[in-house]
K.L.:
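So that we are looking at the same thing, I have put the structure below in structure tokens.
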Protein chains: 2
Amino acid sequence: MSNFEVFFDYIQNLSRKMLSADDKQVFMAHLKPKKLLKRQYFLQEGDICKYTGFIVKGAAKTFTVDEKGNEHILKLSVENWWLADFESYYHLTPSRYNIAALEDMEILQVTNAQVEEFFAPIPAFTAMQEVIKQNYAIANQKRVHAAISYTAEERYEDLINNYPHFLKRFPQNMIASYLGISPETLSRIRKNTLK
Amino acid sequence: MSNFEVFFDYIQNLSRKMLSADDKQVFMAHLKPKKLLKRQYFLQEGDICKYTGFIVKGAAKTFTVDEKGNEHILKLSVENWWLADFESYYHLTPSRYNIAALEDMEILQVTNAQVEEFFAPIPAFTAMQEVIKQNYAIANQKRVHAAISYTAEERYEDLINNYPHFLKRFPQNMIASYLGISPETLSRIRKNTLK
DNA sequence: CGTTTGAATTGACATTTATCAAGCATATTT
DNA sequence: AAATATGCTTGATAAATGTCAATTCAAACG
């Protein structure tokens with residue numbers, strides 16, 4: 001399956017509106033296939049996120065580095081998600097976050113100006129956009145709830161239930177950062193829950 | 001200014017599309033003015049959130065109660081926001097949260113079925129909906145970032161900067177719950193930062 | 001094939017935050 | 001006005017989590 005076929009499938013899964021052959025041409029004309037190497041940056045803190053990229057293959061982290069040099073992973077993104085800092089992308093403000101590839105990646109990249117001009121008129125696309133905004137809002141709401149209500153151990157169990165594939169795919173120290181705890185604490189939690 | 005005028009102002013602030021006189025009639029026909037007394041529940045954990053309400057006056061909390069009886073406040077909602085659990089409202093699944101009035105409230109209430117049937121065709125309304133989903137997603141993203149990266153004290157300072165009016169309006173123990181810390185810890189943080 | 005690098009684990013200890021209990025002030029109810 | 005509930009503060013202590021350092025292990029690399 002080609003990159004674009006993956007994308008068309010994705011969009012049809014999230015939206016009831018059908019994509020016409022013309023619509024597909026529009027996407028193929030403006031979505032630019034791009035490769036990112038492991039460790040390559042998609043976005044640097046302070047820059048405006050002018051591009052968004054549909055992830056066909058690979059994974060990335062959205063993160064900050066604090067004054068002590070510690071990394072905090074806000075988001076882990078995998079196939080069939082979008083690579084972007086929504087805040088910067090929609091508000092056109094400098095981003096607080098970095099985005100970097102964790103594996104070699106293939107994405108379909110487009111600028112927000114192109115989206116507005118060429119994709120906005122496509123009903124299936126706007127419907128998809130609404131769904132992803134909605135789902136992202138809900139996912140973050142759940143994560144806020146977990147953060148203010150759960151212990152570190154409960155948040156880890158939550159992750160096991162909701163994103164089990166993350167555990168197989170990403171090293172433990174990244175999972176710890178994503179959960180907002182130190183790698184040592186996560187290691188000890190795992191040791192305890194084995195029993 | 002009448003309840004509806006407040007609402008029309010709100011919608012025109014968030015959307016470029018103009019509301020016609022007919023549009024306004026549609027809203028007035030289906031948005032039902034309702035009063036909630038302080039402590040009254042708008043939504044109970046386990047119920048499906050079939051209604052949403054535009055807050056004309058008053059404030060509410062969205063919260064859970066854990067097995068120890070501790071309350072965790074996920075969200076504090078005030079004028080010109082919507083009263084609802086988005087997750088339950090959009091997915092039609094039982095809600096994990098309770099929503100209760102913190103003050104006597106006036107809201108404009110509507111069912112999601114009515115929204116779909118009568119409001120969805122109004123461009124200014126759908127544009128507004130996109131904006132609020134987007135803003136809610138971004139606000140929650142920021143809160144997740146704060147939760148995983150900041151200490152309790154830093155989260156409190158963050159709140160002072162971003163929602164100073166919350167501090168005047170809500171008691172300190174609710175603020176603490178919203179920040180995910182105990183009331184005693186917040187009291188001590190305030191004592192220390194006075195210096 | 002050996003070397004190097006990064007991740008995970010473990011122990012000792014420090015720090016942050018929670019918990020429990022008491023006292024005080026203030027608001028609310030009757 | 002008295003009685004009651006509620007919120008805030010403070011101290012003593014406990015529990016959770018972080019930090020630092022050392023070690024092991026395995027993957028990655030030349």
Side-chain angles (χ1 to χ4, degrees), chain A residues 37-40 59 61 63-73 76 100-104 144-160 166-195, chain B residues 37-40 58-59 61 63-73 76 100-104 144 146-160 166-195:
Chain A
L37 294 178
K38 183 173 175 172
R39 274 178 258 268
Q40 190 178 344
K61 61 179 174 184
F63 66 102
T64 56
V65 180
D66 67 23
E67 63 294 344
K68 287 181 197 153
N70 288 325
E71 192 174 290
H72 302 279
I73 297 183
L76 292 167
L102 297 173
E103 309 165 357
D104 291 351
V144 169
H145 178 241
I148 65 168
S149 312
Y150 294 169
T151 63
E153 185 165 344
E154 288 167 334
R155 295 206 298 281
Y156 177 63
E157 279 160 16
D158 208 44
L159 186 71
I160 294 177
F166 275 15
L167 300 171
K168 316 222 170 199
R169 188 158 185 179
F170 305 115
Q172 210 166 293
N173 59 21
M174 282 190 198
I175 301 291
S177 176
Y178 180 86
L179 291 172
I181 60 182
S182 69
E184 292 95 334
T185 296
L186 180 55
S187 173
R188 290 180 177 115
I189 286 171
R190 284 167 52 89
K191 190 179 167 190
N192 288 335
T193 52
L194 276 185
K195 295 164 191 169
Chain B
L37 294 178
K38 183 172 176 173
R39 275 178 257 269
Q40 189 177 343
K61 61 179 173 182
F63 65 103
T64 57
V65 179
D66 66 24
E67 63 293 345
K68 288 182 196 152
N70 288 326
E71 192 174 291
H72 301 280
I73 297 184
L76 291 166
L102 296 173
E103 310 165 357
D104 292 350
V144 168
I148 65 169
S149 312
Y150 294 168
T151 63
E153 185 165 342
E154 288 166 334
R155 295 206 298 283
Y156 176 63
E157 278 160 17
D158 208 42
L159 186 71
I160 294 178
F166 276 15
L167 300 171
K168 315 223 169 198
R169 188 157 185 180
F170 304 116
Q172 212 166 293
N173 60 24
M174 283 191 197
I175 300 292
S177 177
Y178 179 86
L179 292 172
I181 61 182
S182 69
E184 293 94 334
T185 296
L186 181 53
S187 173
R188 289 180 178 115
I189 285 171
R190 286 168 50 90
K191 191 179 167 188
N192 288 335
T193 52
L194 276 185
K195 296 163 191 169

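In the text below, chain A, chain B and the rest are named by the order of the sequence lines, each starting its count at 1.
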K.L.:
List the atom of B:Ile181, the atom of B:Ala152, and the distance in Å for their closest heavy-atom pair.
P.N.:
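In this case the closest contact between B:Ile181 and B:Ala152 is CG2-CB, 3.6 Å.
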K.L.:
Measuring from B:Glu103:CD to B:Arg169:CZ, what's the distance to the nearest 0.5 Å?
P.N.:
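The CZ atom of B:Arg169 is 4.0 Å from CD of B:Glu103, to the nearest 0.5 Å.
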K.L.:
Is B:Asp104 close to B:Gln40 at the side-chain level, that is, under 4.5 Å between some pair of heavy atoms?
P.N.:
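Of all side-chain heavy-atom pairs linking B:Asp104 with B:Gln40, none is under 4.5 Å.
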K.L.:
What's the spacing between B:Phe166 CZ and B:Leu179 CG if we round to 0.5 Å?
P.N.:
10.5 Å
K.L.:
Report, as a single string ordered 5' to 3', how protein heavy atoms within less than 4.0 Å touch nucleotides 11-30 of chain C: B base, S sugar-phosphate only, - not at all.
P.N.:
BB----SSBBB---------
K.L.:
What pairs of nitrogen or oxygen atoms, one from the protein and one from nucleotides 5-8 of chain C, lie under 3.5 Å apart?
P.N.:
from	atom 1	to	atom 2	distance (Å)
C:dA8	OP1	A:Gln172	N	2.7
C:dA8	OP2	A:Gln172	N	3.4
C:dA8	OP2	A:Asn173	N	3.0

K.L.:
Salt bridge (Lys or Arg N to Asp or Glu O under 4.0 Å) with A:Glu154: which residues, sequence neighbours excluded?
P.N.:
none
K.L.:
So do B:Gln172 and B:Ser187 actually touch side chain to side chain, heavy atoms under 4.5 Å?
P.N.:
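Touching, per the 4.5 Å side-chain cut-off.
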K.L.:
Can you confirm whether B:Asp66 sits close enough to A:Ser149 that some side-chain heavy atom of one is under 4.5 Å from a side-chain heavy atom of the other?
P.N.:
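Not touching, per the 4.5 Å side-chain cut-off.
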